[in-house]
Amino acid sequence: MPDIFSDLQWRGLIHQTTADDHLPQWLESGSRTLYAGFDPTADSLHVGSLLPLMMLRRFQKAGHRPIAIVGGATGMIGDPSGKSAERNLLSAEALQANIAGIEAQMRHVLDFDCGDQSAVLVNNNDWMKEFSYTDFLRDVGKNFPISVMLTKDSVKSRLGSEAGLSYTEFSYMLLQAYDFVHLNKQFGCELQIGGSDQWGNVTAGIDLGRRMLSQQLYGMTCPLLTKSDGAKMGKTESGAIWLSAERTSPYQFYQYWVNVDDADVSKCLRFLTELSHKEITALDAAREAAAHQRESQKKLAEQLTLLIHGQAGLDQAMRATEIFFGAEIENLKDADLMQIFGDVPNSSFPMDQLGGEGLGLIDALVATGLQNSKGNARRMIEQGSIYVNNRRNDNLNHRLTAADLASETTIVLRSGKKKYAVLKFTD
RNA sequence: GGGGGGGUACCGAAGCGGUCAAACGGGACAGACUGUAAAUCUGUUGGCUCUGCCUUCGCAGGUUCGAAUCCUGCUCCCCCCA
């Protein structure tokens, strides 16, 4: 078996393990089954799930079998770890839809059809729903001394806070611990991985395995992927970066990574890509020497977009990037433009507006919402910040006519560096 | 309940009868520069049919040729005394 442990170590992906001295040999001496949990709070994963997902992928490529578990049952309850308040509970139907969406995305990263190492996706609700409350208390609950539960950080911090901790949340750890036991029984799963904030839940599962099954189970946590300023990776002012193309277009996804700070990019390369040590060290060196070329960011964006959105998604993102950053827009087809400007606000006008006098540029800017008043629009034009099809236009009296069409029916307006609006002319 | 102070544009804050669409600072937006960065510099920052016109200074009235500025009532906020 390949030595995955030292690769993980080199990448800085190992935060804590339950058996530092034993784990490397254990992993090398046979194909193991391991699992990680994912949050089913939305119908798509976001960038925050990329790290554990890549971890599973690394293990799979090293000859092990990954299990991704979505918390259908635990998702209805909410993990108190690292949360400052109790979360809203999800309905069963919503959960089902979310799980379906998440599975589709996992297929890009994990191989679900490769014999013994095929990835498995399970929903803990499938076994939890059969459990009666009293059975659960008898079989599982009695193995949890309250004194131990109270020492967990996730519990301690919430007990001291204003929000408090409900009994439901307090029980979360039992459910997650039981997942591990169940997966061991059903799949022979012996290793749980997760973020460093999951340590308490991971060790709870290991304890339960020892008590219920007399089994030696293992745990490993990774550092959380945070930015150098302490903020979480994957959040922007406009919200989270999602893996689904419907929620975050491939272009936006690509852009997010291209814009990662110099201080964070090396970590991202190590944590989230499969580039070799050599390639990463070379990129680090290149960045030292010529940060402005941003090779690291480009490589990172390219790798991740390719993995999540495929070659077509990457091509689309690159083409959109070229256009969004200045390339003149002309002689294109409607279909191309729609792909590139899919997530840009657009407004429709009757085709005959382009005939005769044409449509005033000022009016068009206001109609698209690119400017909120004519006075503003006028000012922006005077300041040279208005572009028609990416060609600067500082003519206050300009009127859009058929000659301005970038494709069959479309004109693209831009205000400032990157605010775009699409004008569609229809019959 | 008694006394005092105050509500100004996105925010903070000047203005206290005409020259006020309202100083100044922050923010925001734009331009130059740049690495799709930071810093810096410059411009803009109520609306419009834009060298002019219209609507804004807690709300409603009033005085005046003229009010953000003076008077009356209302309302909200802050401070002190009881």
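Below, chains carry the letters A, B, ... as their sequence lines are ordered, and counting in each starts from 1. Side chains included, hydrogens not; waters and symmetry mates left out as well; all remaining heavy atoms used.
Side-chain nitrogen and oxygen atoms of Lys374(A) include at least one within less than 4.0 Å of the OP1 or OP2 phosphate oxygen of U49(B). A sub-4.0 Å separation between OP1 or OP2 of U49(B) and a side-chain N or O of Arg378(A) is present. OP1 or OP2 of C48(B) lies within a sub-4.0 Å distance of a side-chain N or O belonging to Ser373(A).
Going from the P atom of A37(B) to that of A32(B) covers 12 Å, rounded to whole Å. Comparing the P positions of U72(B) and G4(B) gives a spacing of 13 Å, expressed to the nearest Å. Rounded to the nearest Å, the gap between the P atom of G73(B) and that of C80(B) is 26 Å. Distance noted for atom C1' between A9(B) and A23(B): 13 Å (whole Å). G26(B) sits 32 Å from C77(B) when the P atoms are compared, rounded to a whole Å. Using C1' as the reference atom, A28(B) and G46(B) are 15 Å apart when rounded to the nearest Å. Comparing the C1' positions of C59(B) and G6(B) gives a spacing of 16 Å, expressed to the nearest Å. Across the P atoms, G15(B) and C33(B) are found 42 Å apart, a figure rounded to whole Å.
At a cut-off of 3.5 angstrom, counting only N and O atoms as typed in the model, there is no donor on one side facing an acceptor on the other between the side-chain of Glu382(A) and the base of U44(B).
With salt bridges taken as basic N to acidic carboxylate O contacts below 4.0 Å, none links Lys298(A) and Glu302(A).
Taking a 4.0 Å limit (strictly below) on heavy-atom distances, residues 302-317 of chain A does not reach RNA chain B anywhere.
Looking at heavy-atom distances under 4.0 Å, Arg392(A) makes contact with sugar-phosphate atoms alone, never a base. Nucleic acid contact class of Gly416(A) (heavy atoms, under 4.0 Å, all strands): sugar-phosphate only.
Using bins of under 30°, 30° to 60° and over 60° for the plane-to-plane angle, the ring pair Phe324(A)/Tyr251(A) lands in the parallel bin. A parallel orientation is assigned to the rings of Trp10(A) and His277(A), their planes being inclined by less than 30° (bins at 30° and 60°).
Across all strands shown, G62(B) is found opposite C70(B) as a Watson-Crick or G-U wobble partner, with both distances under 3.5 Å. Searching all strands for a Watson-Crick or G-U wobble partner of G27(B) with both distances below 3.5 Å returns U45(B). Searching all strands for a Watson-Crick or G-U wobble partner of A14(B) with both distances below 3.5 Å returns nothing. Pairing partner, U19(B): none, since no Watson-Crick or wobble contact has both distances short of 3.5 Å. For C57(B), there is no paired base (Watson-Crick or G-U wobble, both distances below 3.5 Å). Across all strands shown, G1(B) forms a Watson-Crick or G-U wobble pair, both distances under 3.5 Å, with C81(B).
Closest-nucleotide positions on RNA chain B for Asn376(A) and Arg379(A) were compared, and the one nearer the 5' end corresponds to Arg379(A). Judged by closest nucleotide on RNA chain B, Gln255(A) is the one of Asp363(A) and Gln255(A) placed further toward the 5' end.
One can place CG of Asp262(A) at 15 Å from P of A39(B), the figure rounded to the nearest angstrom. In this structure, His292(A) atom NE2 and A38(B) atom P are separated by 17 Å, rounded to whole Å. Per the geometry, CD belonging to Gln371(A) stands 16 Å off P belonging to U44(B), to the nearest Å. A straight line from CD of Glu295(A) to P of G35(B) spans 15 Å, rounded to a whole angstrom. Lys417(A) places its NZ atom 8 Å from the P atom of A30(B), with the value rounded to the nearest Å. Atom-to-atom, NZ of Lys418(A) to C1' of G35(B) comes out at 11 Å; the value is rounded to the nearest Å. Between Phe325(A) atom CZ and U36(B) atom P the separation is 8 Å, expressed in whole Å. Gln297(A) places its CD atom 19 Å from the P atom of U34(B), with the value rounded to the nearest Å.
Thr151(A) places a side-chain N or O within 3.5 Å of a backbone atom of Val148(A) that can act as its donor or acceptor partner. Proximity of a side-chain donor or acceptor of Gln105(A) to a complementary backbone N or O of Leu45(A) within less than 3.5 Å is detected. The main-chain N or O of Ser244(A) is found under 3.5 Å from a side-chain atom of Ser44(A) such that the two form a donor-acceptor pair.
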Sub-3.5 Å pairs of nitrogen or oxygen atoms, protein against nucleotides 8-11 of chain B:
none

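Between the side chains of Lys299(A) and Thr273(A), no donor-acceptor pair is found at a separation under 3.5 Å.
Residues Val388(A) and Leu361(A) have side chains in contact (heavy-atom distance under 4.5 Å, counting atoms from C-beta outward). Side-chain contact between Phe349(A) and Lys424(A) is absent, with no heavy atoms from C-beta onward closer than 4.5 Å. Counting heavy atoms from C-beta on, the side chains of Leu272(A) and Trp257(A) come closer than 4.5 Å. Inter-residue side-chain proximity for Leu365(A) and Met380(A) is flagged as unmet; no heavy-atom pair is nearer than 4.5 Å.
Arg65(A) forms no cation-pi arrangement with Phe187(A), by the criterion of a distance under 6.0 Å to the ring centre and an angle within 45° of the ring axis.
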